[in-house]
Each structure stands twice: as structure tokens, then as C-alpha cells.
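FYI, the numbering just counts along the sequence from 1. Note that ligands are numbered from 1 as they come in the structure, with each ligand's atoms numbered from 1 the same way. Only this structure's heavy atoms are used, side chains among them; waters, hydrogens and symmetry mates stay out.
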Amino acid sequence: MADQQYKRGTLLIHAGVEPDPSTGAIMTPIYQTSTYVQAAPGDHKGYEYARTQNPTRTALQKALAAIEHGKHGLCFGSGMAATDAIMRLLSPGDEVVVSNDLYGGTYRIFTKVYAQYGIKFHFVPMNDAGSVEAHVNANTKMIWVETPTNPLLNVIDIEAVSAIAKKHGAVTVVDNTFASPYLQNPLDWGADIVVHSATKYLGGHSDVVHGCIIVNDDAMEEKLRFIQNSCGAVPGPHDCWLVLRGIKTLHVRMDRHCENGEKVARFLREHPKVAKVLWVGFEDHPNHDIAKKQMRGFGGMISFVLKEDNMDAAVKVLKGTKLFALAESLGGVESLIGHPASMTHGSIPREERIKNGLPDSLIRLSVGIEDADDLIEDLKQAIG
Ligand SMILES: *Cc1c(COP(=O)(O)O)cnc(C)c1O
């Protein structure tokens, strides 16, 4: 299938998937097997052992490559396993420039796992992409970007950061989990590696933990595939199947996430007890122009700060919602509410957290695809 000639919705449904050659099954089967029978040593159908290849995973990897506008897709057992594989491209002495507003687990693997192997990380604000260059030196091998960021919803200019990386011979990695490939394709803006926690929007139904990497460069793919097979953090076929199934409705879900996100963000902005609403779709968002350039929609991730800025006021709202479930994670069909200061960012000292723009009462919403009126009513009664 010449995937690139189709429009995005068609691609999401058909990319990577062929009728099963043995039965004609329209949906790729879950090949729950560990090995494959050979007619004679080396005489096989392209599959030898399931850590190395699995047909369900192959279909998903092809689909992911097509929808991210890349040449190669690689799947992993979680988003963190995918990040781990990317870090294994580096050697002791290498340096990485990282956006400072970052998923907590990514911050943890960098500072607590890879720093002890002699890799140096510089956490810098990237709202002004031009300022990134000051942190690049001869040892810089990678620039790591997460955009939009979590939970402050800053937007980083992928094209500008990638150009700086290229100039200095470093690779640009973009964690595209928050936007999903439906709203943003970092490879189109010059990034070298895209990573996703497919646990979130790609899976979309809060029923699977999964990660993936998409690249264009053949040599880079070969290195990553070697790491994938050697280190072995591969997903099982059932998890690959769940993500493959999730992708088929990504466009329908994302359109509704964007629509509901906008309605909820505008409601919150008018609420007398709310001090500030962070959502990349607002015209007065500081990076709205960049968001408009590199994103096709603004998503359903919203953070807001209460006028009564303390933990107790936040907890009252968090305990008061009935539809919004208090939980970590994001990107599923059901709406979630969370409190970064005590949940995902609880390990950061209070002063440092507040200095970085994350106040006590900041509440993060992953707006789901329920009816927006019900979501707004739920927030109305919880905020009071
Ligand atoms: C959840 C998440 C990850 C980690 O993915 P897991 O699937 O939980 O391992 C990485 N980056 C972002 C932005 C995330 O939201």
C-alpha cells in the first residue's frame, strides 16, 4: 500500500494492515507465539524468534511509521522503554540538552539512571528556541524536546531547535505523546527521532502500556533495532494489537478531544474562582504562533490555577469531581483530573517547583470525549 497518497483519516485506518495471508482476516491477528518453525535451518518466512520479530508488531510498526511521516517504526514495552533505547545511542562523556518542563519519568531516567553512566544533562527552558544554542558544546550529541510540555503546556519550536541541533551535529528527539501524530509530526519539522508513550492517545482507551519510536534514517533505525533486539524491552503481541486498534479511531477521538478541550478551557477562563488557564489554543498563549505553525489542533490537555492558591483548595476540587477521575496518565476516552504538585511532580522541592511556575493549586485535566456539557457541569459543581 502506497501509504503516503492517502489523507490522514484513511491512513490511520489502513496503514500497515493487510488482510491476514493465511485466512484473509481483515484485522491483523494476535500472533501469540514465541517462535516460528523453519523448513531447514535458515529456511523460514522472515520470522525466527518473537523478541526479534512478530507479525502483529510488524503491522503496528508499519502503521506508526506511516502516520508519523517516517520510514521506520519500532515498538517497546512502554514509553520509558522506548526512551531507554534512545539513550543507549549515547556514550559516556556525551551531553544532552533537555527541555526543563518535562515528563517526570523522563527526568528520573536521565538524572537517576543515565547520569551515573557519565552522560551529562542540561535542563533548559526552550520557549525561546534561540537560547538553546548557548547550552550546546562539542560534546552535545542530542537535544531532547517535549512539546507541548507537561503540565505547563509550553510549546517549543521544533523547526528552530532541530536547525540548531543539525548545525552542531546533534540529533533532535521529540516526545510527541501530548500532541499525537494526528496533531503534530515532528519529523516534518526536522526532528530525527520521535518517541511516544502509546499508553496515552495512540492506545487511547486506558487499557495498555506501550511505547514507540519513529525515524527516517536507515542507519539510525539499524542501531535502534539492534538495541531493541539486544536489550529486549519488546511489547507482547496483544499489546501491539490494542495499539493498532486504538490508532484506527485516533482522528475521531482527537477531533473530539480538541473540541471538548476548547469548550472546557473557555469555561474555566470565565470562572470567578479560577486565576489562570493554560491551554495552547488560546490566542494569548505565549507560544500560540508556534502552536499554530506546527500543530493542526490544540488538544484536550489543560492546566489551571485557582485564585485560592493552596493545596486544600485544590484537593477540594480534585475530590469533588464525579466524571473527571482522579488518576495519573492521560489521553484516554475518559476524562482525568490530576494534581502535579502532589502526584507526578511530588518529588520536586516546593520552592523549586514554584520557581519553575508550578503553584500548589495547579490542576491538570486530560479532557476525554464525553459530552462537553456534562464535563463542564462536573467542573462547575466541584469548583463551587
Ligand atoms: C506517560 C509518558 C511517558 C512515559 O510513558 P509510559 O508508557 O508510561 O512508560 C513519556 N512521556 C510522556 C510525555 C508521557 O506522558
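- With sequence neighbours excluded, no residue forms a ring-ring contact (aromatic ring centres under 6.0 Å, His included) with Tyr31.
- Among residue pairs with one or both ends in residues 237-260, those qualifying as ring-ring contact (aromatic ring centres under 6.0 Å, His included) are Tyr201-His257; sequence neighbours excluded.
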May I have a table of the N/O to N/O pairs between ligand 1 and the protein that fall below 3.5 Å, each row giving the two atom names and the distance to 0.1 Å?
{"residue": "ligand 1", "atom": "5 (O)", "partner": "Ser197", "partner atom": "OG", "Å": "3.0"}
{"residue": "ligand 1", "atom": "7 (O)", "partner": "Gly79", "partner atom": "N", "Å": "2.9"}
{"residue": "ligand 1", "atom": "7 (O)", "partner": "Ser197", "partner atom": "OG", "Å": "2.8"}
{"residue": "ligand 1", "atom": "7 (O)", "partner": "Thr199", "partner atom": "OG1", "Å": "2.6"}
{"residue": "ligand 1", "atom": "9 (O)", "partner": "Gly79", "partner atom": "N", "Å": "3.0"}
{"residue": "ligand 1", "atom": "9 (O)", "partner": "Met80", "partner atom": "N", "Å": "2.9"}
{"residue": "ligand 1", "atom": "11 (N)", "partner": "Asp175", "partner atom": "OD2", "Å": "2.7"}
{"residue": "ligand 1", "atom": "15 (O)", "partner": "Lys200", "partner atom": "NZ", "Å": "2.7"}

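- Cluster partners of Tyr36 are Tyr47, counting Ile, Leu, Val, Met, Phe, Trp and Tyr whose side-chain heavy atoms approach within less than 4.5 Å, directly or via other members.
- For the 3.5 Å distance criterion, the side chains of Thr35 and Glu48 fail to qualify, holding no donor opposite an acceptor.
- Salt bridge status for Glu262 with Arg266: present, with a side-chain N to carboxylate O gap under 4.0 Å.
- Taking 4.5 Å as the limit, every side-chain heavy atom of Leu362 sits out of range of all side-chain heavy atoms of Lys276.
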